[in-house]
Amino acid sequence: MAVNLGAGEKPTALEVMQDAPVIPVIVLHDVAQAVPLARALVAGGIRMLEVTLRTKVALACIEKIAREVPQAVVGAGTVRSPADVQAAAMAGARFAVSPGYTHAIGKACHELALALLPGVATGSEILAAQEDGYGELKFFPAMQAGGPAMLKAWHGPFGDVKFCPTGGVTPGNAAEFLALPNVACVGGSWLTPADAMAQGDWARITQLAAEAARLPRA
Ligand code: 3PG
């Protein structure tokens with residue numbers, strides 16, 4: 001269900017998860033691709049975009065998308081430090097995703113009122129994130145760390161937590177994750193295949209986004 005956000009308004013973590021069934025995990029190597037890619041994903045119905053801080057141009061890409069694609073809600077992925085959080089927010093990121101959790105990252109996001117989906121793979125990490133007020137979490141790396149069976153096991157003790165499994169999620173197994181009551185959405189890189197990105201095949205990316213946007217959720 002698409003959430004209602006004003007221009008430039010920051011979503012809550014739950015809104016980031018609820019907007020569409022899939023959050024695309026994006027790696028950009030060329031600033032020129034940022035805007036056409038964001039437009040292609042939005043055209044397919046996916047507007048919460050996680051641009052990972054894995055390349056030199058990532059922050060510039062976030063800035064361009066934030067400025068030029070108002071229909072998109074761009075966030076920063078692979079946030080690994082408070083400095084990453086601050087740089088992402090300065091660039092215009094409206095949410096953050098981290099591959100793990102530290103209190104310092106949690107504090108930095110709280111201070112900037114920036115929604116954070118912290119990555120967790122164990123019960124202790126869930127407790128640490130919850131202690132700091134984070135209850136919408138990324139399960140990472142989802143397939144490698146136990147897949148749907150792990151989420152079923154967590155549903156007992158952590159029934160109040162909503163997860164976004166990411167890592168090894170594909171069009172083939174996304175439905176199995178999305179059928180779980182504690183999964184709000186999934187994350188994955190399959191919406192931006194390397195060959196489509198290299199060719200600038202935005203129509204294909206819109207098609208992949210449209211298919212992802214139609215995936216049923218529990
Ligand atoms: C990542 O960190 O690259 C994400 O978890 C995406 O993983 P995927 O490529 O398996 O979808």
Side-chain angles (χ1 to χ4, degrees), residues 13 16-17 19-30 33-34 37-38 40-41 44 46-59 61-62 65 73-81 84-85 88 93 95-102 105 115-122 125-126 129 134 136-151 154 161-180 182-198 201 204-205 207-215 217:
V16 173
M17 283 185 166
D19 199 58
V22 182
I23 298 175
V25 177
I26 300 166
V27 181
L28 280 160
H29 295 278
D30 179 357
Q33 291 193 318
L37 172 65
L41 291 165
I46 301 285
R47 61 176 185 156
M48 296 288 168
L49 314 182
E50 177 188 338
V51 174
T52 57
L53 302 184
R54 295 184 199 175
T55 62
K56 287 197 177 71
V57 296
L59 288 168
C61 290
I62 289 172
I65 295 170
V73 179
V74 65
T78 320
V79 164
R80 298 187 302 170
S81 66
D84 280 350
V85 171
F95 66 92
V97 184
S98 57
Y101 184 69
T102 68
I105 289 175
L116 171 68
L117 303 182
V120 297
T122 68
E125 292 158 8
I126 296 172
Y134 292 101
E136 286 84 29
L137 310 177
K138 161 172 158 163
F139 173 32
F140 177 78
M143 279 312 285
Q144 297 84 343
M150 187 73 153
L151 288 158
W154 276 345
V161 176
K162 291 285 182 209
F163 293 97
C164 170
T166 306
V169 182
T170 66
N173 64 16
E176 192 185 347
F177 281 105
L178 289 166
L180 299 173
N182 53 348
V183 170
C185 68
V186 298
S189 61
W190 81 88
L191 272 62
T192 52
D195 57 339
M197 292 290 291
D201 188 351
R204 181 160 160 230
I205 287 174
Q207 174 67 28
L208 288 165
E211 284 163 17
R214 281 197 298 268
L215 285 167
R217 288 191 271 192

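Numbering of ligands and ligand atoms starts at 1, following listing order. Keep in mind that the numbers below use all heavy atoms, side chains included, and drop hydrogens, waters and symmetry copies.
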With side chains defined as the heavy atoms from C-beta onward, is the minimum distance between Asp195 and Arg204 less than 4.5 Å? yes
Picking from Ile23, Val22, Val97, what satisfies side-chain contact (heavy atoms from CB on, under 4.5 Å) with Cys164? Ile23
Are any of the side-chain heavy atoms of Leu116 and Tyr101 separated by less than 4.5 Å? yes
Just how far is it from atom CD1 of Ile26 to atom CZ of Arg54, taken to the nearest 0.5 Å? 11.5 Å
Would you check ligand 1 and list the protein residues that come within less than 4.0 Å of it by any heavy atom, ordered by chain and number? Val25, Arg54, Phe140, Thr166, Gly167, Gly168, Gly188, Ser189
Side-chain contact test, heavy atoms from C-beta onward, threshold under 4.5 Å: evaluate it for Val183 versus Arg217 and give yes or no. no
Can you find a heavy atom in the side chain of Asp84 that is under 4.5 Å from one in the side chain of Thr78? no
